[in-house]
Amino acid sequence: MKNRKAFFAGIVFALLITAGMISGIYLACPVNALNVSASENSDDSGEEDADESTDTMITAGDLGLADGCYWIDVTLSGGSGKASVESPATIAIEDGRVTATIVFSSSYYDYMLIDGERYEPVNTEGNSAFEIPVDGFDYEMAVTADTTAMSTPHEIEYTLYFDSSTICGAASDEDTDDIENTKTNDADAAEGGDDTSEAEDGDIDSEADEADVNTDKSDTEKVSAAGTAVESIDAQETDISETGMSEIGERNYPSGEDWCGLAWESSLELLYAEMFTVDYYEGGYARIVIADEDVFFVVPEGADVPDGLDGDVTVLQQPIENIYLVATSAMDFFCSLDALDSIRLSGTNASGWYIEAAQEAMEAGDILYAGKYSAPDYELILAENCGLAIESTMIYHNPEVQEKLEAFGIPVLVERSSYESHPMGRTEWMKLYAVLLGKEEEAEEIFNEQVTRVQEVEASESLGKTVAFFYVTSTGSVNVRKSNDYVAKMIELAGGTYIFDDLGEDDSAVSTVNMTMEEFYAQAVDADYIIYNSTIDGEIYTLDELYGKSALLADFKAVQEGNVWCTGKNLFQETTSLGDLIVEIHTILTDEDVEDSELNYLHRITE
């Protein structure tokens, strides 16, 4: 890892020398990745690019972008023509939903309006920074921003143009469930801005030339930004999926041995999960090792922390309460273990949950929204005496957040169930949370029920029926899962055969592939069943809606024989029930008369 960091640091340093000090820092990607600002009144940049565009919006799904953080050029237009936003901006993608961090050229903006919804600044110092949803790219997105630069506040109409051709950056595994929004580095960089000298919309007293201010950034700031780029590249290159169970326990933290003066008693039996181990020691202590990197020592209530623990071991004293849950994939585990009351804070607001119990708890005030992974509400988190923050791997894009939480004495556990290659390995992460909660017996019972259901299906002979799992993007391309993706594995476990048997089996983190409709037609027209993935494109219920995606789909064998299905929006949050989903896929492959009312995750597309 150190050699890798040095390698990428060398690349960035060379780029700084050759380009950065004269006209901005350029990384090896389409975007001028660390240029400081983009003004709408530049005659040869933003407006010209916008004019040349077709104004046809495309989405993250159209581009086949995996969940992760990226850079993108953005241009602000409207108002008096004096304001600008920093470009490139960072965007974060989760399940096809895009959130951008927009940093204005002034500190005088106190809120933004997007489709009537109000968004507050995410920073308290420096230039105003906002985290806003972005429907798509390559079109003029209407926004409103309120400025307090004049004697009375004024709402000003703007448009933002996000140029998809400039997207670059580090993408994490598309199944990592928690990108709540942006990189706070953008807001931190904005704090160095001059609040009073910029020519601002409505700021009639300012005489400074905004262009001069925007280009008057010090070399020190540029080098600092380049360091951020190295961290992002480093996060991209770290492939934690390479760590298997055979490696865990054979290196730094072997199982089956006494440890730190404690007698080893047993190890937690894992059937599928490969990303963590649990060892039990005398006195009720437990050691959890995640990906052979993160070590947690669970201390029973009332017991002392033993001497001799390594400095990199995180101590978790039971009972673990007031949890700040950012990793959405973990919520279902807590609900299933009847432990929702141990969660006090959420990184997702109520409308973002498809798990009914979680949504109801937030609406009732039992769980409070405490900010997204990149911008947590530290004051609230401390006030609620948070005992543990459970983050997704997106936290690696914002290491300063984890460092700050830990500096406040709040332990951080990074959830990695989405890196399990076997679907049931993801569900088996329930056992890890059960160790924290002292609910191992309950977890074992629930998990074994899921395993039994899957094994009953798996024991049956292959049905010889082919299945395509896909959705159609707004530009008409088709997004499908790679052949080694866990969805393809679920189809196989259900007795079916994934229609693409050798598609994109490489080492990249992206789990999907985009192809033209013609390519999809050629390979999938004779599939016995097709399942439409609604998690990004939205649920559909009728064949007319399906034909609206492409008239060619009417030719498909599955359509003509009535074997067309759609997933529900709850599909990827209910991780405890992946076994049930496998059984449902088996059911639709074997029971032509099954009713939608008998299913929880799939429904038939009909006339």
Side-chain angles (χ1 to χ4, degrees), residues 60-68 96 171-176 236-237 239-244 246 272 274-275 418-426 454 457-458 460-473 475-533 535-537 549-550 552-553 555-559 561 563-565 567 571-572 578 581-582 585-586 588-589 602:
D62 298 336
L63 299 171
L65 293 176
D67 282 1
S172 66
D173 187 298
E174 65 88 32
D175 291 310
T176 301
Q236 177 187 20
E237 293 298 317
D239 184 3
I240 64 173
S241 63
E242 293 175 357
T243 304
S246 61
Y272 301 97
E274 298 181 341
M275 293 303 298
S418 64
Y419 287 86
E420 297 289 352
S421 59
H422 195 288
M424 296 307 295
R426 297 177 176 224
V454 172
V457 170
E458 195 175 9
S460 61
E461 295 183 2
S462 175
L463 302 172
K465 297 178 179 179
T466 52
V467 181
F469 187 94
F470 73 103
Y471 73 90
V472 181
T473 73
T475 59
S477 61
V478 182
N479 182 276
V480 300
R481 314 294 287 211
K482 290 182 178 179
S483 302
N484 59 352
D485 179 67
Y486 83 105
V487 172
K489 180 65 175 178
M490 285 196 293
I491 292 171
E492 177 186 334
L493 292 170
T497 301
Y498 186 52
I499 193 68
F500 304 104
D501 57 2
D502 60 352
L503 183 63
E505 294 187 356
D506 54 37
D507 294 330
S508 70
V510 181
S511 298
T512 62
V513 174
N514 272 2
M515 59 177 60
T516 67
M517 177 56 72
E518 290 73 18
E519 291 170 330
F520 180 70
Y521 186 101
Q523 299 181 65
V525 66
D526 292 324
D528 297 304
Y529 288 76
I530 60 176
I531 300 176
Y532 196 83
N533 178 13
T535 55
I536 293 177
D537 193 39
K549 306 296 181 182
S550 174
L552 291 175
L553 293 170
D555 296 340
F556 279 52
K557 174 184 177 182
V559 174
E561 295 182 355
N563 296 322
V564 187
W565 297 82
T567 66
L571 180 64
F572 294 114
L578 289 180
L581 175 58
I582 293 169
I585 295 174
H586 178 79
I588 68 172
L589 298 181
L602 300 168

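Residues: numbered from 1 along the sequence shown.
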query: Does Ile530 reach the side chain of Trp565, with side-chain heavy atoms less than 4.5 Å apart?
result: no
query: If you take all heavy atoms of Ser421 and Tyr486, which pair is closest and at what distance?
result: O-CB, 4.0 Å
query: Is a donor on one side and an acceptor on the other found under 3.5 Å between the side chain of Asp555 and the backbone of Val525?
result: no
field: Glu420 side chain vs Met275 backbone, donor-acceptor pair below 3.5 Å
entry: yes
field: Option passing side chain to side chain donor-acceptor pair (under 3.5 Å) with Lys557 (candidates Asp528, Asp526, Thr466, Asn563)
entry: Asp528
query: Would Asn514 and Val478 satisfy side chain to side chain contact (heavy atoms under 4.5 Å, CB included), going step by step from the backbone distance to the final call?
result: CA-CA 5 Å; Asn514 272 2; Val478 182; over 6 Å; no
- prompt: Do Val467 and Ile499 have side chains that get closer than 4.5 Å, going by heavy atoms?
  reply: no
Sequence neighbours excluded and cut-off under 3.5 Å, please list the side-chain donor-acceptor pairs for residues 488-498, or say none.
| residue | atom | partner | partner atom | Å |
| --- | --- | --- | --- | --- |
| Tyr498 | OH | Arg481 | N | 3.1 |
| Tyr498 | OH | Arg481 | O | 2.6 |

- request: Using the test ring-ring contact (aromatic ring centres under 6.0 Å, His included), find all partners of Phe470 that sit at least two apart in sequence or belong to another chain.
  value: Phe520, Tyr532
- request: Mind checking the CD-CD spacing from Gln523 to Glu518? Nearest 0.5 Å is all I need.
  value: 12.5 Å
Derivation and outcome, side chain to side chain contact (heavy atoms under 4.5 Å, CB included), residues Thr512 and Lys482: CA-CA 5 Å; Thr512 62; Lys482 290 182 178 179; 6.0 Å; no
field: Any donor-acceptor N/O pair, Glu519 side chain to Thr516 backbone, under 3.5 Å
entry: yes
Donor-acceptor contact present, side-chain Ser483 to main-chain Leu503, <3.5 Å: yes
message: For the CE atom of Met517 and the OG atom of Ser477, what is their distance to the nearest 0.5 Å?
response: 8.5 Å
- request: Output the distance between atom OH (Tyr529) and atom CD (Glu561), rounded to the nearest 0.5 Å.
  value: 8.5 Å
field: CG-OH distance between Asn479 and Tyr471, expressed to the nearest 0.5 angstrom
entry: 4.0 Å
